[in-house]
Number of protein chains: 2
Amino acid sequence: MTDSIQVQLKKGVLELCVLALLSKQDSYAYEIASRLAEDIGMGEGTIYPLMRRMQNDGLVTTYLVDSETGPPRKYYKLTQSGRTALTRQRKEWDAFNTSVRTILGSGT
Amino acid sequence: MTDSIQVQLKKGVLELCVLALLSKQDSYAYEIASRLAEDIGMGEGTIYPLMRRMQNDGLVTTYLVDSETGPPRKYYKLTQSGRTALTRQRKEWDAFNTSVRTILGSGT
DNA sequence: AGATGCTATCTTGTTATGCAAGGTAGCTAT
DNA sequence: ATAGCTACCTTGCATAACAAGATAGCATCT
């Protein structure tokens, strides 16, 4: 149940996290996944369906870069729509947080 | 999509919110639902499956109270397990929040 | 008595998303 | 050729919130 709570908490936030990471610099999926696995325990299989969704929604574009140490990497870059979505989702996350904090109150 | 994000954000948090409300005072489901609908836009059909889950998990017990203005109300009361769960989930929420805030960083 | 309106409870099928496990493919080194 | 590492990808499952529908009790009115 604790694990389940953790899983459920992540829903809705991972896209925002990816948008935020990409706003700082273009990255490839595996790198994003590794980063988020470390920071918030995102699972291995999550990133690719997520990136595909974001691409389908026009939030990112992709380009290939040859890697010197392995297979070519598919880099993702935020579109203007992606940047707009980031701004909006960040606001929604902040508002949501404020609401939850109010409900949780100060007690216990 | 925006709406979907909102829905996904709530997953995993609503139980914590209910625990928090009940930690302050026993309440009946409809009242909890009204309160959370107002505070964070929880949907109408959510509360009863949630309360049933929490009861099955031993987080709450119930008792009936006759109402002077309508049908009898089924009040919910936190168990000791419920209070323990509240403490734990609050910590997890805080930790999760900190992680997400770190990822979001300060810039756009 | 029945009808109406409000309060309160409850169920169920759908939707969306993360997870885990499995798989493929390219590059380098042996 | 194989092995190991990096990187990409799919798919079925599990979960929880939503929306819509339903039922039931109580008070009031006719």
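In what follows, chains carry the letters A, B, and so on, assigned in the order in which the sequence lines appear, proteins first and then strands, with residues in each chain numbered from 1.
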Can you tell me how far [atom2] of [N] sits from [atom1] of [X], to the nearest Å?
X: B/R52; N: C/dT9; atom1: CZ; atom2: P; answer: 14 Å
X: B/Q6; N: C/dT15; atom1: CD; atom2: C1'; answer: 16 Å
X: A/L50; N: D/dT11; atom1: CG; atom2: P; answer: 17 Å
X: A/K11; N: D/dT15; atom1: NZ; atom2: P; answer: 10 Å
X: A/E68; N: C/dA29; atom1: CD; atom2: C1'; answer: 16 Å
X: A/M54; N: C/dT17; atom1: CE; atom2: C1'; answer: 14 Å
X: B/Q8; N: D/dA16; atom1: CD; atom2: P; answer: 12 Å
X: B/L9; N: D/dA16; atom1: CG; atom2: P; answer: 16 Å

Counting just side-chain N and O atoms, does [X] come under 4.0 Å of either OP1 or OP2 of [N]?
X: B/S4; N: C/dT15; answer: no
X: B/R53; N: C/dC10; answer: no
X: B/Y48; N: C/dT9; answer: yes

Please answer whether the main-chain N or O of [Y] pairs with a side-chain N or O of [X] as donor and acceptor at a distance below 3.5 Å.
X: A/K11; Y: B/G12; value: no
X: A/T79; Y: A/L59; value: yes
X: A/S27; Y: A/Q25; value: yes

Point to revise | Carboxylate-amine/guanidinium proximity below 4.0 Å for A/D57 and A/R53 | key: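 Salt bridge flag = no for A/R53 with A/D57.
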Check your understanding: Roughly how far, to the nearest 0.5 Å, is OG1 of B/T62 from OH of B/Y75?
Key ->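 So the gap between those two atoms works out to 13.0 Å.
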Review point. What distance do A/L78 atom CG and A/T61 atom OG1 have between them, rounded to the nearest 0.5 Å?
Key: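 A/L78 atom CG to A/T61 atom OG1 measures 8.5 Å (nearest 0.5 Å).
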Check your understanding: How are the rings of A/W93 and A/F96 set to each other: parallel, tilted or perpendicular (split at 30° and 60°)?
Key ->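 Tilted, since the angle between the ring planes falls between 30° and 60°.
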What protein N or O atoms touch nucleotides 19-26 of chain C N or O atoms at under 3.5 angstrom, if any, and at what distances?
from   : atom 1 : to    : atom 2 : distance (Å)
C/dC19 : OP1    : A/K10 : NZ     : 3.0
C/dC19 : OP1    : A/G43 : N      : 3.3
C/dC19 : OP2    : A/G43 : N      : 2.8
C/dC19 : OP2    : A/T46 : OG1    : 2.4

Point to revise | Contact summary for B/R101 and A/N97, nearest pair of heavy atoms | key: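 Looking at all heavy atoms of both residues, the closest pair is NH2-ND2, 4.3 Å.
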**Study point:** Comparing A/D66 and A/V13 on DNA chain C - which has the more 5′ nearest nucleotide
**Key:**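 First, find each residue's nearest nucleotide; the 5'-ward one identifies A/V13.
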**Study point:** 4.5 Å side-chain heavy-atom contact, A/Y28 and A/Y63
**Key:**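 Side-chain contact under 4.5 Å: no.
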Point to revise | Sub-4.0 Å heavy-atom contacts from residues 25-35 of chain A onto DNA chain C, ordered by number | key: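 Under 4.0 Å from DNA chain C: no residue of residues 25-35 of chain A.
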